[in-house]
Amino acid sequence: MATVTYVFTINHVAKKLGENPELLQAIVSNDDNLSYGSIISIYDGTDEALTALTDDGVDELRQMLAHARRTADEWNDFLEAFVDDEELIARIKAKFPR
């Protein structure tokens, strides 16, 4: 594995992929959802940590979302499995996948 020299914040990844940052945060909040080392927590001394992804993490997330969006049923199942916030699920479902 190559040394990681930079990472991307969730907001940057959301813009890059055209995704909802809350959805991405919900997915990566469980670090078992992506390969070990793909999700990086950044602590800056405040109470909040930033979550960032490596290049591999961005690629995994992109593939995961593309796979989930193959059908409406798969997308709904994906949201139910990865997002605990019912309000967020409703907002995302209202904007059915591209």
Side-chain angles (χ1 to χ4, degrees):
M1 178 183 206
T3 302
V4 174
T5 58
Y6 58 91
V7 293
F8 302 99
T9 65
I10 292 296
N11 285 337
H12 179 77
V13 174
K15 287 179 188 174
K16 185 176 180 176
L17 300 180
E19 296 291 347
N20 181 313
E22 291 177 281
L23 170 62
L24 301 188
Q25 185 62 51
I27 294 168
V28 303
S29 66
N30 180 344
D31 59 3
D32 289 334
N33 291 336
L34 298 178
S35 298
Y36 179 77
S38 294
I39 303 169
I40 308 292
S41 295
I42 303 166
Y43 299 95
D44 65 359
T46 63
D47 290 338
E48 296 290 320
L50 287 174
T51 302
L53 298 174
T54 64
D55 276 333
D56 289 343
V58 174
D59 288 340
E60 277 186 67
L61 192 56
R62 179 185 295 119
Q63 290 173 13
M64 178 188 289
L65 291 166
H67 180 80
R69 283 194 166 106
R70 291 185 302 180
T71 68
D73 287 339
E74 286 183 67
W75 181 240
N76 289 332
D77 291 345
F78 175 84
L79 291 174
E80 296 295 331
F82 286 94
V83 181
D84 292 331
D85 183 343
E86 293 298 323
E87 192 175 299
L88 176 58
I89 290 173
R91 287 195 318 263
I92 292 169
K93 283 182 178 180
K95 296 180 181 180
F96 180 72
R98 303 173 289 284

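Throughout, residue positions are numbered sequentially from 1 according to the sequence presented.
Under the side chain to side chain contact (heavy atoms under 4.5 Å, CB included) criterion, Glu86 pairs with Glu80, Ile89, not counting sequence neighbours. Checked against side-chain hydrogen bond (donor to acceptor under 3.5 Å, both in side chains), His12 has no partners two or more places apart in sequence or in another chain. With sequence neighbours left out, Thr5 forms a side-chain hydrogen bond (donor to acceptor under 3.5 Å, both in side chains) with no residue at all. Under the rule for a side chain to side chain contact (heavy atoms under 4.5 Å, CB included), the partners of Asp85 that lie at least two apart in sequence or sit in another chain are Val83, Glu87, Leu88. Applying the side-chain hydrogen bond (donor to acceptor under 3.5 Å, both in side chains) test to Tyr43 and every residue at least two apart in sequence or in another chain returns nothing. For Ile42, the side chain to side chain contact (heavy atoms under 4.5 Å, CB included) partners at least two apart in sequence or on another chain are Val7, Ile40, Leu50, Ala52. Every residue two or more places apart in sequence or in another chain was checked for a side chain to side chain contact (heavy atoms under 4.5 Å, CB included) with Asp84, and none qualifies. For Thr9, there are no side-chain hydrogen bond (donor to acceptor under 3.5 Å, both in side chains) partners, not counting sequence neighbours. Annotation: salt bridge (charged side-chain N to carboxylate O under 4.0 Å, His left out) contacts of Asp77 (sequence neighbours excluded): none.
Between Tyr6 and Phe8, the ring planes are perpendicular. Angles over 60° get that label, and only those under 30° would be called parallel.
When atom types are taken as modelled, the side chain of Glu19 and the backbone of Leu24 share no donor-acceptor pair closer than 3.5 angstrom.
To the nearest 0.5 Å, atoms CD1 (Ile27) and CG (Leu79) are separated by 8.0 Å. Atom OG1 of residue Thr51 and atom CG of residue Asn11 lie 10.0 Å apart, to the nearest 0.5 angstrom.
With no hydrogens or angles considered, no side-chain donor-acceptor pair links Thr71 and Asp73 at under 3.5 Å.
For the residue pair Asn33 and Met64, the shortest heavy atom distance occurs at O-CE, 3.2 Å. In plain terms, the two heavy atoms of Ser38 and Gly57 that are nearest each other are CB-CA, 3.5 Å.
Here the side chains of His67 and Phe78 are not in contact, with every heavy-atom distance at 4.5 Å or above. Between Phe82 and Leu23, the closest side-chain pair of non-hydrogen atoms is not below 4.5 Å. Between Leu53 and Ile10 there is a side-chain heavy-atom pair separated by less than 4.5 Å.
Applying the salt bridge (charged side-chain N to carboxylate O under 4.0 Å, His left out) test to every pair with at least one member in residues 22-33, sequence neighbours left out, gives these pairs: Glu22-Arg91.
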